[in-house]
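The structure under discussion appears below in the form of structure tokens.
Just the heavy atoms: all of them, side chains too, but no hydrogens, waters or symmetry mates, feed the values below.
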Amino acid sequence: MAQQVPHQATDKKRVKVYELRNNDWFDRGTGFCTASFSTTSDGRKDPRVIVESEDQPERLLLETKIQKEDGFQKQQETLIVWQEPGSGVDMALSFQEAEGCASICLALNDDSLSDELTVDIHQHSVSLPAAELGNLADIEVGMRMMNNTANGRDALAKFIMADDYIGKLIPLVEMAEDLESLPDLHRLCNIMKTIILLNDTTIIEHAVTDENVLGVVGALEYDPDFPSHKANHRHWLDNQGRYKEVVPIDDEITRRKIHQTYRLQYLKDVVLARILDDPTFSVLNSLIFFNQVDILQHLQSNTEFLNELFAIFTAVPPDYRKKKEAVLFIQQCCAIAKTVQPGARQVLYNNLIAHGLLQVIHFGLRHDDVAVRVGATEILVSIIDHDPQMIRQTIYRQMHENQPSLTDSLIELLLVEVDLGVKSQISEAVKVILDHGIQGQGPEVMAKVNGEFIGRPRPQQSADPQQELFLTRFYDRSAAKLFKPLIDLENRTDMNFSVQQASMFSYLIEILSFFIRQHHRFSRYFVMTNNIVERVVHLIKSPEKYLRLVAIRFFRSLIGLQEEFYIKQIIEKRVLGPILDVLIATMPRDNLLSSACLELFEHVKKENMKDLVKHLVETYRDRLAELSYMATFRNIVLRYDQTQGFTTEVEYFLESEEDLTRRQPPNARLMEHLTVDAQEEEYWETSDPEDDSEETQSSSNSGSGPSKPLVDYPSDEDGEDEEGMNDEGEDKTGSSPREEEAEPPLTSPPERISEKRRREEDEEEDELGKLVANKRRNSGSADANSVTSTRASHRRRSFSAGSGGGGSHANPKKIAITLSPALKSGGDFRSDDEM
């Protein structure tokens, strides 16, 4: 008979016991469930589940032996069902909480339970099998079950740290590798993943210690998701040559944190990059951040360490290898400083600059190794991003002491650097250093709300004398050196550039545009004396499209400033002619180059820049004629003609259809953004039904006699007399006109001069609108808005002239037909010649 071992009771964990009777679940009562073990006669231990009654603790509601063949199954989160051995009765346990159910399931799925595996449901203390190769499957299942709940994860983390379970698992990796047991290695990888993903800070810090890190990453090399591949994490981390001490760090805690931080970063970015969840990612980032803060605080407060570090650059004889390593070390320190608080970052930069950081940057920018140049550039950019005034103050001091300026070093590197990334960073650094916060004066700089200027900019304060001196010396000594490649384009005929040269010109023009917006007085003098505008025009002749685009955008920014000085420069240097040539050559293709050209001329027209419009039409009228199929250039010419008083001379728009069709590109419609609606054209081409009836009636009356005018305009003085006359001129009362010879004949009053002039202007505008509309429609133009507005205006005037306020819907053509009999019959509707 089996000898029962006293079970370990739980503290009031509730569970309900159910029994299946007649296909219905019968509630046997509520109690508290525990797991205990009984020892058989042969010394074997069998797990049991015992449920004590809640009302009567001495009474057992259930005591059953756990056997897998009995069909123990977990259903949902809180339910376990099985069949009692022998009787075959179906039983069920319904737990109040999910973690209790998970703990019992752990016991049900293990055949080798021992006394150490007692499950305490209330305190959630857990035990795992011994760390052996034969138990790896059970350990993996047990950890997976406990990892399903928050309480289970906490209990598992406490057990792992209390029992140093990681240290016991690490030797199994080497044993499995010796046995070449791939399944065991895959289980070890899953177990180690589960342990690290518990998101426990203590476990992660323990895993990356010197004693455990190689074993942990060794287990993670055998990922079961990639069974045919093996990583080399141990080889990477075990390479001691990767850790280099430029200057020895005496503090053991700081050195340990440096190693730990590197391993955490490697764990986050390489080993666990594919499976990291958000909680674990946050835990790793927090550990890295706090370690970096401690490291920086120690380094910047250690004056002896900083003195030894910067003494490397003044050592005799110089050690170039150690100089290179020192630059890269400072680069890493500045990269770490980006993540710390601004106050700590400011203290670090001040300490570095006080010990001679600018000399380090000078050395790095001139180094042959691109890695050192990149490092020096990143150091400079990181300081500039934090506080550019700090670098400016240093440059002021260099200028005062007649030392080589950092600005000159940046300029020299920008002109010779072949690495495009370094070149881009240097150009940004130059702009930030020379940006003194003086806002631009052009109207485009002013803030807009809903497309309208909100007001004039406030007057700028007087410039700092130190800044004035800095800009004066820059334009006297450095500006010509910076823009020398641009100035040397004067005598160059071959405009084919290498990739590095073309990128250099793009950066130079970007910097030049920035200087023009910021340094008004200095930049104007420099542009004028060095003939910069004409040099940039040379770039428009380059076969590289993006280089031509850079030049066109530069001139667009000059025009956008709307400053008289630059407008005169553009006119004197004939800048717009080459841009028109580029547009003619690229049309009608839609690309970035043609769009930039069109936007430039559209801006000139929209802002009504009279000097540029005059220069365009007077100098390049023939080229504008080639682009007359676009409304922008038609409006530019028409606006200029209007300013010259040639409002009625429309020879340019009244060319023959053959000439305009021949000059227009075959697919010019691609450049038009408006199309003529066919239904709208049909509506305007056809007449109204009532107009047709009026036309028929007018035609029938024209053969028999004078027709009745379309609208009778009675005289104000003779209104009463006209009301008493019939159509034959006889009085309705029976009296004849001969009986009233003393009265003047009934005729229309003479037309006033102002009314005559207004009528003539309306007729001229109507005729001009018809001609232009017909020409656009015949030449394939899609300017439907202009045509529609002309017709609508003509129709409105027809309504006014033909309805007399009565709202008659008369077509313009039909009005002319109706009026013609009145003209023939000697009425008062006179032609233009008779007027």
Inter- and intrachain pairs under salt bridge (charged side-chain N to carboxylate O under 4.0 Å, His left out), touching residues 519-537, at least two apart: E468-R521, E490-R535, R524-E563
Distance col, row L348:CG vs L306:CG, nearest 0.5 angstrom, shows 8.5 Å
Tell me which pairs pass salt bridge (charged side-chain N to carboxylate O under 4.0 Å, His left out) where either residue lies in residues 537-549, with sequence neighbours left out. none
Does NZ or CZ of K614 lie under 6.0 Å from the centre of the six-membered ring of Y640, at an angle within 45° of the ring axis? no
With the threshold set at 4.0 Å, does a side-chain nitrogen-carboxylate oxygen contact exist between D369 and K324? yes
Tell me whether the rings of Y475 and F522 are parallel (<30°), tilted (30 to 60°) or perpendicular (>60°). parallel
Please enumerate all residues that pass salt bridge (Lys or Arg N to Asp or Glu O under 4.0 Å) together with R623, with sequence neighbours excluded. D581
If you measure only the distance, is there a donor-acceptor pair under 3.5 Å linking the side chains of Y320 and H367? no
Carboxylate-amine/guanidinium proximity below 4.0 Å for D488 and K484: yes
Does H519 form a side-chain contact (heavy atoms from CB on, under 4.5 Å) with F474? I'd like the steps, not just the answer. CA-CA 11 Å; H519 314 148; F474 172 78; 5.6 Å; no
Nearest atoms (heavy-atom pairs only) where M495 meets R492: SD-O, 4.3 Å
Ionic contact status for K431 with E428, cut-off 4.0 Å: yes
Verify the ring-centre separation between F515 and F526: is it less than 6.0 angstrom? no
Would you call T619 and L576 a side-chain contact if the rule is heavy atoms closer than 4.5 Å? no
Side-chain donor/acceptor of S628 to backbone N/O of A625, under 3.5 Å: yes
Between the CE atom in M630 and the CD1 atom in I636, the distance rounded to the nearest 0.5 Å is 10.0 Å
